[in-house]
Amino acid sequence: MLVNMKGMLDAANRDHYAIMAVNSVNMEMARAVIEAASEMRSPIILQMGRSQMAKLAHHEDILPMIRNMAERVDVPVCLNLDHGPDFQTEINAIHWGFTNLMIDASSLPFEENVRRTRIIVDMAHAKGISVEAELGHVGQAADGDGRTDDMFTNVAQAVEFVERTGVDALAVAIGTAHGKYPAGYVPKLDFDRLAELKAALRMPLVLHGGSGSGEENIRRAVAGGINKINVCTDAFHAAEVAMKAKWAEDPQTDYLNIMVTAEAAIKAFVKDYIALIGSANRYTFDFADNGSKE
Ligand code: 13P
């Protein structure tokens with residue numbers, strides 16, 4: 001069933017687990033992710049960013065399709081706009097049927113981030129849509145971001161930010177970065193800061209740049225209070241590895257079989273990840289209190 005993100009993340013916050021948010025850019029990925037969640041009896045979040053929608057996941061095709069797939073399973077499915085950069089994109093996203101909006105004004109000064117986030121929260125909540133924002137900044141692995149604490153989330157600022165914006169979930173910067181890290185590099189996460197943020201905020205926290213973090217970091221992040229983990233690069237990678245192996249094993253294979261292989265690989269990857277972050281069998285929560293069907 002299609003839901004917004006508030007109910008599922010409030011339950012995850014209360015019961016100390018995390019829900020996977022997978023950037024899902026075509027039919028095969030969306031179906032793999034939803035089937036994996038359904039088989040694991042887990043809530044799930046499918047998301048896409050503006051450039052992914054421009055390149056491949058065209059909103060007019062993929063959003064009705066995902067909403068339809070979501071309504072055919074009985075686990076909660078949220079459809080999240082990832083990294084909404086401006087008001088126009090956010091307003092479009094409301095019309096297109098997203099059930100959660102992320103507003104990412106994290107590169108802007110604090111006051112401007114507050115101002116923009118507050119406006120999106122007021123607009124989205126009026127439509128029963130939940131909102132995630134980001135404070136501190138999760139940058140790019142390719143730029144070496146996340147290795148020093150200069151962009152990490154400040155705890156006192158985070159408390160003020162949440163109070164003034166009314167946001168439902170907060171993405172925090174604690175050492176991860178988006179995309180592929182250099183071979184062999186494992187990010188060092190600031191778990192002390194995460195503990196301080198969780199103690200001060202007591203609300204759903206989000207980890208961006210989940211890929212390449214390593215199982216140990218992910219396990220500790222969930223234990224420390226992360227309730228949503230964004231994964232894109234690792235999901236693509238799972239498909240790429242399987243597709244290359246299929247081609248190597250059978251050079252005569254065709255498009256249909258390659259896509260079937262990719263879908264199966266993503267589904268297996270998502271099921272393993274769900275087991276890792278503790279959301280298996282957490283598919284019910286109190287909709288009356290927490291979530292709203294759109
Ligand atoms: P990765 O590609 O590093 O997993 O990051 C995904 C993400 O955070 C999307 O918002």
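Quantities reported herein were computed from a predicted structural model and do not represent experimental measurements. Counting starts at 1 for both ligands and their atoms, following the listed order.
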Can you tell me which residue and heavy atom of the protein come closest to atom 8 (O) of ligand 1, and the distance to 0.1 Å? G209 N, 2.8 Å
Do R118 and D122 sit within salt-bridge range, that is, some charged N less than 4.0 Å from a carboxylate O? yes
Has S213 got a side-chain atom pairing as donor or acceptor with G210's backbone, closer than 3.5 angstrom? yes
Which atoms of ligand 1 sit under 4.0 Å from any heavy atom of N23? 9 (C)
Please test D82 against N23 for side chain to side chain donor-acceptor pair (under 3.5 Å), starting from the C-alpha separation and ending with a verdict. CA-CA 8 Å; D82 195 23; N23 291 71; 3.0 Å; yes
Could you list which atoms of ligand 1 come closer than 4.0 Å to a heavy atom of S211? 1 (P), 2 (O), 3 (O), 4 (O)
Charged N to carboxylate O under 4.0 angstrom, E196 versus R193? no
Near H208, which atoms of ligand 1 are under 4.0 Å from a heavy atom of that residue? 8 (O), 10 (O)
Short list, please: which atoms of ligand 1 are under 4.0 Å from a heavy atom of G210? 4 (O)
Salt bridge check: are K267 and E263 linked by an N-O gap of less than 4.0 Å? no
Test of understanding: given a 4.0 Å heavy-atom threshold, classify the contact between D234 and ligand 1 as side chain, backbone, both, or neither. neither
Check for a donor-acceptor pair, side chain of H208 on one end and backbone N or O of N230 on the other, with a separation under 3.5 Å. no
For ligand 1, the portion of A177 having any non-hydrogen atom under 4.0 Å away: backbone
Walk me through it: do E160 and R164 pass the test salt bridge (Lys or Arg N to Asp or Glu O under 4.0 Å)? CA-CA 6 Å; E160 183 185 340; R164 289 175 61 191; 2.7 Å; yes
N/O of V231 under 3.5 Å from N/O of ligand 1, yes or no? no
Residue, atom and distance of the protein heavy atom nearest atom 10 (O) of ligand 1 read D82 OD2, 2.8 Å
Protein heavy atom at shortest distance from atom 2 (O) of ligand 1: T233 OG1, 2.5 Å
Kindly identify the option in A141, A21, C232 whose heavy atom sits closest to atom 6 (C) of ligand 1. C232
Got a salt bridge between R116 and D86, using NZ or NE/NH1/NH2 to carboxylate O under 4.0 Å? no
Of the protein's non-hydrogen atoms, which lies at the shortest distance from atom 3 (O) of ligand 1, and what is that distance? G179 N, 2.9 Å
For the 3.5 Å polar cut-off, considering only N or O atoms, please tell me whether N230 and ligand 1 meet it. yes
Show me which atoms of ligand 1 lie under 4.0 Å from any heavy atom of H83. 10 (O)
Salt-bridge contact R115-E111 (side-chain N to carboxylate O under 4.0 Å): no
